[in-house]
Amino acid sequence: MTHRPFTIGIIAGSGPEAGMDLWSKVVVQTQKQLGDGFRGDIDAPRVVIVSEPQLGLSMDLRRNEADTWAALEQTVRQIAPQVDVFAIACNTLNWFAPRVEKLLDRLSDSGDFLSFQSVLERKLAQTEHSRVGLLAAGPVAALDDFSVYAAMGSTGLFETPDDADALHGLIEDVKRLGQSDPSLSPRMAAVVQSLASEIVVLACTELPLIATPMRGKTFIDVTECVAETLAARAINAEGAKI
């Protein structure tokens with residue numbers, strides 16, 4: 001794929017703000033990684049974003065599996081030929097990673113897929129904690145067959161909140177009310193404080209939008225980790241000319 005500059009792809013829609021957040025973090029990571037060599041707009045990453053509202057069906061993935069995959073498959077087919085690497089800005093939707101990989105095998109001239117679970121596995125391997133908190137939407141936090149992090153959770157790595165429904169409702173309210181609603185951050189803080197773990201994984205793309213620093217807690221924002229990896233891929237491929 002040498003006919004154009006290195007291009008990053010972002011699939012959004014669950015929710016659209018999550019895609020905007022990932023894009024913003026890729027830009028910031030590019031500036032950070034290039035350091036004094038960053039020249040402004042001409043060194044910003046080249047990004048293609050496709051935001052598909054139907055991907056919001058993933059909030060009830062068990063019920064909407066077929067329809068959600070139909071929307072995601074169509075979106076992957078649209079974005080993959082336009083980019084060198086792409087990510088899906090939603091932890092829940094990354095459950096479909098194996099299907100996405102199989103689809104890409106059948107497509108010609110398609111970019112690579114960077115899954116959230118592959119990035120989080122690498123990040124957690126760098127920590128020395130045997131147990132970390134996991135904050136996520138219901139399908140992810142359940143750590144069952146519909147959870148993107150089921151394999152990692154089977155080792156007993158994750159501590160999840162006792163009231164998973166309250167957390168799921170909070171995430172839905174971020175989507176419904178918007179991240180600036182003043183009721184959201186205090187509700188999240190209460191959930192975080194209920195966890196014994198010092199390291200807390202924000203495994204829903206809405207949660208970093210309302211997270212505030214808390215004494216005794218270290219957040220791992222999966223979106224930030226993905227942005228860091230995407231920016232590094234672009235910089236390594238293009239040098240300072242992305």
Item checked: Between CD on residue Q193 and CE on residue M214, distance to nearest 0.5 Å -> 3.5 Å
Check: Taking atom CZ of R63 as the centre, does the number of heavy atoms from other residues, nucleotides or ligands within less than 6.0 Å exceed 12?
Finding: no
Notebook entry, point to check: Should we count CG of D105 as having more than 12 external heavy atoms under 6.0 Å?
Noted result: yes
Notebook entry, point to check: Would you say D67 and Q54 make side-chain contact, with heavy atoms under 4.5 Å?
Noted result: no
Margin query: Any heavy-atom pair between the side chains of C225 and I220 that's under 4.5 Å?
Written below: yes
Next item on the list: Let me see the working for D145 and R62 under salt bridge (Lys or Arg N to Asp or Glu O under 4.0 Å), right down to the final yes or no.
Entry: CA-CA 9 Å; D145 290 345; R62 187 179 297 274; over 6 Å; no
Checklist line | Hphob cluster co-occupancy, L143 + L124, side-chain heavy atoms under 4.5 angstrom | finding: yes
Note to self: Would you compute the distance between atom OG of S147 and atom CG of L134 and round it to the nearest 0.5 angstrom?
What the structure shows: 7.0 Å
Next item on the list: Grab the two heavy atoms, one from A237 and one from F6, that are nearest each other, plus how far apart they are.
Entry: CB-CD1, 3.3 Å
Note to self: Grouping I, L, V, M, F, W and Y whenever their side-chain heavy atoms are under 4.5 Å apart, do W23 and I88 come out in a common cluster?
What the structure shows: yes
Notebook entry, point to check: Is R233 salt-bridged to D84, cutoff N-O under 4.0 Å?
Noted result: no
Check: Side chains of S14 and S58: is there a donor and an acceptor less than 3.5 Å apart?
Finding: yes
Check: Taking atom types as modelled and ignoring hydrogens, do the side chains of E52 and T75 form a donor-acceptor contact shorter than 3.5 angstrom?
Finding: no
Next item on the list: Could you walk me through whether L57 and E65 pass side chain to side chain contact (heavy atoms under 4.5 Å, CB included), step by step?
Entry: CA-CA 8 Å; L57 293 169; E65 176 189 352; over 6 Å; no
Checklist line | Residues, nucleotides or ligands: over 12 heavy atoms within 6.0 Å of E101 CD | finding: yes
Check: Does atom CD of E73 have more than 12 heavy-atom neighbours, drawn from other residues, nucleotides or ligands, at distances under 6.0 Å?
Finding: yes
Notebook entry, point to check: Is it true that D221 and K25 have a side-chain N and a carboxylate O under 4.0 angstrom from each other?
Noted result: yes
Margin query: Any salt bridge linking R215 with E198? Criterion: basic side-chain nitrogen under 4.0 Å from a carboxylate oxygen.
Written below: no
Notebook entry, point to check: Is there side-chain contact between L170 and M188, with at least one heavy-atom pair below 4.5 Å?
Noted result: yes
Checklist line | Common cluster, L114/V28, ILVMFWY with side-chain heavy-atom separation under 4.5 Å | finding: no
Check: Have T7 and R46 got a donor and an acceptor in their side chains that come within less than 3.5 Å?
Finding: yes
Note to self: Between N91 and Y149, is there a side-chain donor-acceptor contact under 3.5 Å, judged purely by atom types and distance?
What the structure shows: yes
Checklist line | Distance, nearest 0.5 Å, that separates CD of E17 from CD of Q179 | finding: 7.0 Å
Note to self: Between S24 and V27, is there a side-chain heavy-atom distance shorter than 4.5 Å?
What the structure shows: no
Next item on the list: Sequence neighbours left out, what pairs pass ring-ring contact (aromatic ring centres under 6.0 Å, His included) with at least one residue falling in residues 68-114?
Entry: W69-F96, F86-F113, W95-F146
Next item on the list: Please report the shortest heavy-atom distance between E159 and S197, naming the atom on each side.
Entry: OE1-OG, 2.5 Å
Checklist line | Within 6.0 angstrom of K175 NZ, more than 12 heavy atoms from elsewhere | finding: yes
